[in-house]
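Note sheet for the following structure.
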Amino acid sequence: MPHAHYLIVGASHAALSALHAIRLHDAEGEVTLLTRDDSLPYSPTVLPYVVSGRSDPGRVFLRDESYFAQHKVNYLRGAKVHKVNAGASAVELADGSSIGFDKLLLATGAAPVLPPVPGLAGLRFHVLRTLADALALREALPRVKRAVVLGGGLIGMHAAENLAKGGVQVSVVEMQAHVLAGYFDAQASGMIEKVFTANGVRLLLGASVAGFTPRGEGCRATLEDGAEIDADLLLVATGVAPVTDFLCGSGIETERGVLVDEHMRTNIANIWAAGDVAQARGFFTRERVINGILPDAVDQGRIAGMAMAEDPGTKDYAGGVPLNTYSFFGQHAVSVGVHESALEQSGVEVKKHSDEAQNRYLKIVLKDRRLAGIFGVNAAFDPGIMWELILRAIDLGEEKLAFLRSPQDTARALMSKNWR
Amino acid sequence: MSAILKPKSKLIVCDGNEAAAWAVSLADVDMVAVYPITPQSSLVEYLAKFIADGRLGAEIVDVEGEHSVLSVLQGACLAGARTYTASCGPGLAFMFEPYLRTPGLRLPLVMTIVTRDTLTPQSVWGGHQDAMSVREVGWVQMYCESVQEVLDTTIMAYRIAEHRDVMLPVNICHDGNYLSFGAARCELPDQGEVRDFLGAKDVNWHVALDPQRPMAVDPLTGGAGGPGPSTFVRYRKGQCSGMQNSLEVISEVHEDWGRRFGRYHAPLIESYRMEGADYAMITIGSMTGAAKDAVDEARARGEKVGLLKVKTYRPFPAQALADALAQVKAAGVVDRSVSFGWNCGPLFQDVIAAMYYAPRRIPAMSFIGGLAGADLTISHFERVIGRIKELARDGHAAETVWLNEKD
Amino acid sequence: MGAAYETIHFKAEACDGCNDCMSACAQAKTQTDEHLHSRIQIVPSGEGFELAICRQCGDPQCVLTCPAAALSKNAGSGVVDWDRTKCVNCLLCTVGCAYGGIAYDSVSSRVIKCDMCDGAPACVKACTTGALKHVTTARIYNEAGNLEDLFAPGLSGCQGCNTELIMRHALRRIGPDVVVATPPGCIPGMGSVGYNGLTGTKVPVFHPLLTNTASMLAGVRRQYKRSGRDVLAVALAGDGGTADVGFQSLSGAAERGEEMLYICVDNEGYMNTGMQRSGCTPYGAWTSTTPVGERAHGKTQDAKNLPLLMVMHNCAYVATASTAFMEDLYDKLDRAIQAAKTGFAYLHIYSPCTTGWRFASDQNIEVARKAVETNFVLLWEFNPEDGLQFTHPVENARPIDEYLEVLGKYRHLDRDQVAHIERSLAHNLARIRGFVAARGAASAAAGRS
């Protein structure tokens, strides 16, 4: 049975970040990286741009062969893990073979969740999680005149924008009252929605599909209010969830994701998990949550890698802070942290600023003179600095008013003074 | 000594300082470092002139003091140079620190001491006190009698110093005033023949500062425990062996010089009219000329007097001296310097120490003369001979006689 | 060995907020004066100014956070390169960067970041206050780091020894075609010439006497020159052997223009033999021969200004240096090595001594830095052509207390003694400034004639 000192399952941001951290501390320890894909590593986040043609599918790879050779990494493609045998410190692959490990990192990410809508199972529809999905969708586009996107999250909205730009008549069906509800409040989402509507995208909000029926190459969606939408193409983008079914019976504790401690270690001493598959503590809540965003996957991967390599510099995971960036039709929206609704109300201050004409919006949430959240549409601030301000819980003190008035410059000055 | 001029030799009239400079010129010296001091200064000036005229291909370094003279030469020698310098008196005292170190480094430096009395009283005149003060440091010391011997010995000194069984620095001592400035007939040997006589330069095969042969020169050693003390002893004993080996090498080299150039100088001790001698007078340096004249006159009167001239003083040719004195009834030693604490001359001390090897006790006494440039004449040596005869008669060693005290 | 890279250093206290750097950057990158486009952002902060710019991190998080492989660390230049053709405008890099180093430009609707202008940053050129500095120290690591350390590992210097640092750096740079003289003191004491027949150095090395380092080296160099070989003669000597008992041979060799590099490692006393006073020991300092007691309170005379004495010899090159300013030190080392091929080069390197000066062994570079920032030590260089000039002028010197208070050897100083030191430093500074001014006057006179 082949054996690796470090066995990493997955090849996206968390996995690559862990690999990087391991190699910073341990230049020689045997590393094997498994990916179910047949390609070099890529990011799921880039897939909408592959669909739109903005990204050349041949140039999206995060690492090349020479990187693996130079860093002495055994990169195995087409290796889907079927089962983890924690007791024997081995994983079993779909092809029946096994690989032993001293230390294992699960960075298998998440997979699309399909809603239990009648008729969906019998349809031809698209999802967007792998490069193959993206290429299939891209392939289908030229023949599409009308499309339905199920779900108004980031993937759905990206896809809707790209389809619209390609001349397709797009309808987005979202159960919640607003798009991107996880990140933006109603006002900000409303501004984003306005831009989509202005660009010809039909948004059906607070709506859900009662059932699908096949129709030629495409389908007909019947909404709960009875309305019907015909489409040549259906994209299901109702969210993703960690894939944990292959861990059943392994002894690794899971809830919604794989439960990990502050070093991304599971309940099994030589098994770690990071990225979209992991359920780790949140920054604002003591509970363990699925954060599921790229910068957090990088962070978690680094911590896991350092812990696996026994790097004495390993620090505890500070906790997941919700954050995201979103650019659409030449505009952009950024969210860092939490809204006031997620906080104990004492000591909370909220400042909002909006400029309808410029389609500009900014909301700052402070808790005890410390930044808790900042959200903007076409607003200028550095999300990375804001994230750090939150993590460091920096008391704005006398800078508070300046911060509320001019968050970008004030935060930059705070950065320059505090962690330059 | 042969009076016949060798075909390629040249005849000049010069003083001892110039003769030394000619010798340096003939010996293909690479590096000369100098600092002027009376009575050595003209020697330095001759060297500078020879170099300026292109007669001597050496590099001359006019340093800021005698301490640096020897330091520059040590460095140059460690980098492969054949070197030369000259000094005396206070200058020698000032260079004492690097002087002390040269034999331990086994560097074959050659240096003339144009002997001068040491301070104080203040004096710039000849006397052996400077050279005698450094007699135990580990340099080979040879004392010359004539201008010709200065030239010949200076050249021979390189072959002795650089001999692989020796590898020690050599002092050629010639008397300040009498030899330094006294002009005489002098044969200059042919440069090519001198080159053949000296052979290839080979000064730093054993210790070098050379990136092509990197080594540490003079790491720390000694101290109680570890390999230090025994390492130190090995170095010291090696130095002693080199010194003793030089007795034979000096003899060989003088013999070869005689064969090649027709001038046979006594290498260690010159015996003069010692056949059947009852009394022996022992001299060193330029005084020997007048002493020999006194011996000649005494022999003409029928007195059985002979003379022994010490050429090589360090290492001291003790056995040769003991053998030469074996048959005499008494001996007198004329020093041009003082051994403080013994109240006699240093050569006298060495002679009586050597006579320990003689089969019987020989009465001996010490004469000190020629200090601070004082002249030692035939009449001084007649007095010496007279006192030795008295000594032989009564057998009691008298107090040291100071020859110029009442001049 | 990994590479090190050049950076842009910001000295907040020197920035007056003129924003010329932002104008220069905007011009260089967009041919406009619009500060929004500037990759360097100066921001007001209370009374002063702060900076946001790409740090060109060694382990850049923006690169790890980019889903499109548009960002990469350039192994050659060290710059975090941005590939506009791969970038998808997702802005996740702006989340990954905690420095505001890559930011969204609302005009171009793209992210922008500093690319170091191919090694000649326009912002630094535009800065007239000295707030921005293009730090190229990395070249020392990149170049010298690959050179062989010509001393054996494990020399027995004291913990935190600055002298060992100087020795190793100097010899790496000088290379193997050298003869090294290390007169008695810490340098051979720590084993560079070895013990009992073993050596601590990979090149020819020797113990001169304490008194004759320069003379012995002169002989070595002259003989090699005579035999047509270019072998550098280098002294690594302490201040005692240089300034005191070795000064005659030093002065003679300098006057004669002997070709060598004489490095004086100044730890302000005879530290190897138990911390006795030397001619370079500063006023007020405790040493074992200027002890502190009821009636005596350290040395009662100022140190002699040895490098200035060497200037008066009109050496081919004279400079002072400090290990807290390695770039400066290396520049001087390079110039000194060159000068030593045709004349006498003298390098005076200040070397704080943890043992003899009584401070913690991890504070050496900090002490060296404070010495310079308080003007206790002045960094300058001289050659006969250009005269004397400062290489690291300190205009607003830190109070001398900041230097004195970290050193045990000054712990006993009273107010009068500190005042004396302040006066001496002022005189010394004025004297050196006089030389610098004289140089200016001389070149002006030359210009007129």
Side-chain angles (χ1 to χ4, degrees), chain A residues 12-13 16-17 20-21 24 42-49 52 54-56 59-63 293-295 297-299 301-302 323-327 330-332 334 336 378 380-389 391 398-399 402 406 408-417 419-420, chain C residues 2 9-12 15 35-36 40-55 57-73 75 83 85-111:
Chain A
S12 193
H13 291 283
L16 295 175
S17 176
H20 179 71
L24 282 179
Y42 62 88
S43 173
T45 307
V46 83
L47 298 177
Y49 305 96
S52 72
R54 177 165 191 154
S55 291
D56 174 349
R59 298 181 72 218
V60 296
F61 300 115
L62 299 172
R63 300 287 184 274
I293 54 163
L294 193 161
V298 170
D299 206 24
R302 186 187 66 248
L323 35 85
N324 226 317
T325 59
Y326 178 47
S327 57
Q331 307 195 31
H332 72 287
V334 176
V336 181
N378 296 323
F381 61 84
D382 303 298
I385 295 179
M386 299 304 174
W387 186 14
E388 193 70 19
L389 279 176
L391 290 178
E398 291 176 359
E399 304 294 326
S406 175
Q408 183 172 42
D409 279 1
T410 311
R412 283 175 173 177
L414 284 166
M415 170 276 296
S416 186
K417 274 194 287 220
W419 66 85
R420 89 161 96 124
Chain C
H9 177 255
F10 178 62
K11 198 164 145 194
C15 179
H35 288 175
L36 270 179
I40 182 168
Q41 289 290 330
I42 299 292
V43 292
S45 168
E47 298 293 293
F49 297 89
E50 295 288 345
L51 169 79
I53 191 174
C54 176
R55 267 61 173 165
C57 297
D59 182 17
Q61 288 300 295
C62 59
V63 172
L64 289 171
T65 314
C66 175
L71 290 164
S72 59
K73 177 84 176 168
D83 183 342
T85 68
K86 284 184 173 179
C87 176
V88 295
N89 272 12
C90 71
L91 308 185
L92 281 166
C93 51
T94 67
V95 179
C97 176
Y99 302 99
I102 185 160
Y104 183 71
D105 173 13
S106 58
V107 180
S108 65
S109 298
R110 311 276 340 233
V111 289

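Numbers restart at 1 for each chain; the letters A, B, ... are given by sequence-line order, proteins then strands.
- Contacts between C/Cys93 and chain A at a heavy-atom distance below 4.5 Å are absent for every atom of the residue.
- Heavy atoms only, all atoms of each residue included: C/Val43 and A/Ala413 are closest at CG2-N, 3.6 Å.
- The two residues C/Ala69 and A/Arg59 make their nearest non-hydrogen contact at CB-O, 4.5 Å.
- Neither the backbone nor the side chain of C/Ser106 has a heavy atom closer than 4.5 Å to any heavy atom of chain A.
- Contact annotation for A/Leu24: only side-chain heavy atoms (C-beta onward) come within less than 4.5 Å of a heavy atom of chain C.
- Proximity to chain A involves both the backbone and the side chain of C/Tyr99, based on heavy atoms less than 4.5 angstrom apart.
- Side-chain contact between C/Leu92 and A/Pro295 is present, with heavy atoms from C-beta onward closer than 4.5 Å.
- Side-chain contact between A/His13 and C/Pro67 is present, with at least one heavy-atom pair separated by less than 4.5 Å.
- Interface residue A/Asn324: only side-chain heavy atoms are found under 4.5 Å from chain C.
- Side-chain contact, C/Asp59 with A/His20: a donor N or O sits under 3.5 Å from an acceptor N or O.
- Of all the listed residues (A/Ile293, A/Val60, A/Leu62), the one sharing the greatest number of non-hydrogen pairs under 4.5 Å with chain C is A/Leu62.
- With chain C as partner, the option from A/Ile385, A/Thr45, A/Val336 having the largest number of non-hydrogen pairs under 4.5 angstrom is A/Ile385.
- The shortest distance between side-chain heavy atoms of A/Leu16 and C/Leu64 does not fall below 4.5 Å.
- Residues C/Cys90 and A/Tyr49 form a side-chain contact, since some pair of their non-hydrogen atoms from C-beta on lies under 4.5 Å apart.
- Residues A/Arg302 and C/Gln61 are in side-chain contact: their nearest non-hydrogen atoms beyond the backbone lie under 4.5 Å apart.
- When heavy atoms are compared at a cutoff of 4.5 Å, C/Thr85 approaches chain A by way of both its backbone and its side chain.
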